[in-house]
Amino acid sequence: MKKIVIFASGSGSNTEKIITHFENNNTISIIKIVTNKPNAKVLNVASKHSIATQIINKEELDKENLLKQLINIDPDLIVLAGFLLKFPESIISHFPNKIINIHPSLLPKYGGKGMYGLHVHQTVLDNKEVESGITIHYVNNNYDEGKFIFQKSVNIEHCKTPEEIADKIHTLEHQYFPEIIERLLTNY
């Protein structure tokens, strides 16, 4: 059985899509969902699907205890699905090429610290881009600089608000993120 641990900070829409994608899969399972926000809606998603959860703060993310827990779980893939804290080097170095993130732009454009959610889409809009998209990439020690796994673009030239761009980006995320996760786990 291939094991996934998901880290998320928000509503859990990507997490829900990943869970439902694998719920009838006998070879891949979501073992745990970790969040840094005690009121994150992703906790409701986890509860609905009877998946174990853990709430951590920034200090706990960097402590050895979390690394030990992950080593005990021995996940085949750690998925960052809207997780907003910088991932610690200790975990990254212990799980090389086993931690992935999805970013709501066509990296290397509009990545880095503070570039998430509507901040990205507003910047894309302000720069009058005609397309945006998603980038799924490995996580390294720098925000949004890991090796690209997959990119998909969408036309946004008629979008007038960052929310309209976000809707198009969420559609791409929900369609492709679970598929790419499955492809990675099948090829491991």
Side-chain angles (χ1 to χ4, degrees), residues 1-10 12 14-15 17-19 21-22 25-37 40 42 46 51-117 120 133-152 169 172-188:
M1 177 69 74
K2 302 278 176 116
K3 297 177 281 188
I4 299 172
V5 174
I6 298 175
F7 283 73
S9 296
N14 275 315
T15 299
K17 292 295 181 184
I18 294 165
I19 292 168
H21 182 84
F22 292 111
N25 187 308
N26 295 326
T27 60
I28 298 171
S29 178
I30 290 82
I31 300 300
K32 183 185 251 188
I33 296 171
V34 181
T35 185
N36 62 308
K37 303 218 178 221
V42 73
I51 296 173
T53 60
Q54 182 174 358
I55 301 168
I56 59 168
N57 60 34
K58 188 174 182 347
E59 292 74 33
E60 291 168 319
L61 179 65
D62 291 324
K63 289 203 171 145
E64 197 171 304
N65 187 39
L66 180 61
L67 175 59
K68 285 180 182 175
Q69 290 175 35
L70 289 170
I71 290 168
N72 285 337
I73 293 171
D74 191 26
D76 295 280
L77 200 61
I78 296 172
V79 175
L80 309 188
F83 189 68
L84 300 182
L85 296 179
K86 189 168 192 304
F87 227 61
E89 189 174 331
S90 60
I91 296 175
I92 294 168
S93 63
H94 194 84
F95 295 97
N97 295 321
K98 288 190 173 186
I99 306 170
I100 65 169
N101 182 46
I102 189 163
H103 186 77
S105 77
L106 296 170
L107 292 173
K109 287 184 171 184
Y110 312 112
K113 186 175 173 74
M115 293 302 285
Y116 61 91
V120 173
I134 60 169
T135 304
I136 299 169
H137 63 92
Y138 289 106
V139 173
N140 66 13
N141 294 326
N142 300 310
Y143 282 112
D144 304 321
E145 291 183 13
K147 181 181 171 194
F148 297 172
I149 299 165
F150 176 84
Q151 286 189 306
K152 186 70 176 175
I169 298 304
L172 291 179
E173 290 175 342
H174 296 164
Q175 179 179 352
Y176 291 104
F177 205 16
E179 290 177 13
I180 297 303
I181 291 167
E182 184 170 18
R183 190 183 312 162
L184 286 172
L185 288 173
T186 302
N187 292 329
Y188 275 164

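- Scanning all heavy atoms of the two residues, the minimum distance from Ile28 to Glu182 falls at CD1-CG, 4.3 Å.
- Residue Glu89 places its CD atom among 12 or fewer non-hydrogen atoms of other residues, nucleotides or ligands, all under 6.0 Å distant.
- Once rounded to the nearest 0.5 Å, the distance linking CD1 of Ile31 with CG of Leu70 reads 12.0 Å.
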Next item on the list: List the steps and the verdict of side-chain contact (heavy atoms from CB on, under 4.5 Å) for His21 and Ile181.
Entry: CA-CA 10 Å; His21 182 84; Ile181 291 167; over 6 Å; no
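- Side chains of Gln54 and Glu60: no donor on one and acceptor on the other come within 3.5 Å.
- The heavy-atom pair separating Lys58 from Leu85 by the smallest distance is CA-CD1, 4.0 Å.
- With a 4.5 Å cut-off on side-chain heavy atoms, Leu185 and Ile4 count as touching.
- In this structure, Tyr138 and Asn97 approach most closely via the heavy-atom pair CE2-O, 3.3 Å.
- Interatomic distance, CG of Leu61 versus CZ of Phe7, reported as 6.5 Å (0.5 Å rounding).
- With rounding to the nearest 0.5 Å, the separation of CG in Leu172 from CD1 in Ile102 is 8.5 Å.
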Margin query: Go through it in stages, so that I can follow the logic: the residues are Thr15 and Ile51, the test is side-chain contact (heavy atoms from CB on, under 4.5 Å), and I'd like the CA-CA distance, side-chain angles, deciding distance and then a yes or no.
Written below: CA-CA 11 Å; Thr15 299; Ile51 296 173; over 6 Å; no
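- Around atom NZ of Lys86, more than 12 heavy atoms belonging to other residues, nucleotides or ligands sit under 6.0 Å away.
- Here the closest non-hydrogen pair linking Val120 and Pro104 is CG1-O, 3.4 Å.
- Side-chain atoms of His103 come within 3.5 Å of backbone atoms of Tyr110 as a donor-acceptor pair (strictly under, hydrogens ignored).
- Lys109 NZ: 12 or fewer foreign heavy atoms inside a 6.0 Å radius.
- Rounded to the nearest 0.5 angstrom, Met1 CE and Asp76 CG are separated by 10.5 Å.
- Across every non-hydrogen atom of Gly112 and Asp144, the tightest pair is N-OD2, 2.8 Å.
- Between the side chains of Asn140 and Glu145, not a single donor N or O lies within less than 3.5 Å of an accepting N or O.
- Atom NE2 of His174 is separated from atom CD1 of Ile18 by 9.0 Å, given to the nearest 0.5 angstrom.
- More than 12 non-hydrogen atoms from other residues, nucleotides or ligands lie less than 6.0 angstrom from CG of Asp74.
- Residues Ile134 and Phe177 form no side-chain contact, since every pair of their non-hydrogen atoms from C-beta on lies 4.5 Å or further apart.
- Looking only at side-chain heavy atoms (C-beta outward), Phe95 and Leu67 come within less than 4.5 Å of each other.
- Ile91 is listed as a side-chain neighbour of Ile78, based on a closest heavy-atom distance under 4.5 Å.
- Heavy atoms of other residues, nucleotides or ligands lying less than 6.0 angstrom from NZ of Lys32 number more than 12.
- Looking at Lys63 and Glu59, no side-chain N of the basic residue comes within less than 4.0 Å of a carboxylate O on the acidic one, giving no salt bridge.
- Here the side chain of Asn101 pairs no donor or acceptor atom with the backbone of His137 at under 3.5 angstrom.
- Closest heavy-atom contact between Thr35 and Ser9: OG1-CA, 3.8 Å.
- At least one donor-acceptor pair closer than 3.5 Å links the side chain of Thr135 to the backbone N or O of Ser105.
- Here CZ of Arg183 is found 10.0 Å from CD1 of Ile149. Values are rounded to the nearest 0.5 Å.
- Judged purely by atom type and a 3.5 angstrom limit, Lys113 has no side-chain atom pairing as donor or acceptor with the backbone of Tyr143.
- A search for ring-ring contact (aromatic ring centres under 6.0 Å, His included) contacts involving Phe22 returns nothing, not counting sequence neighbours.
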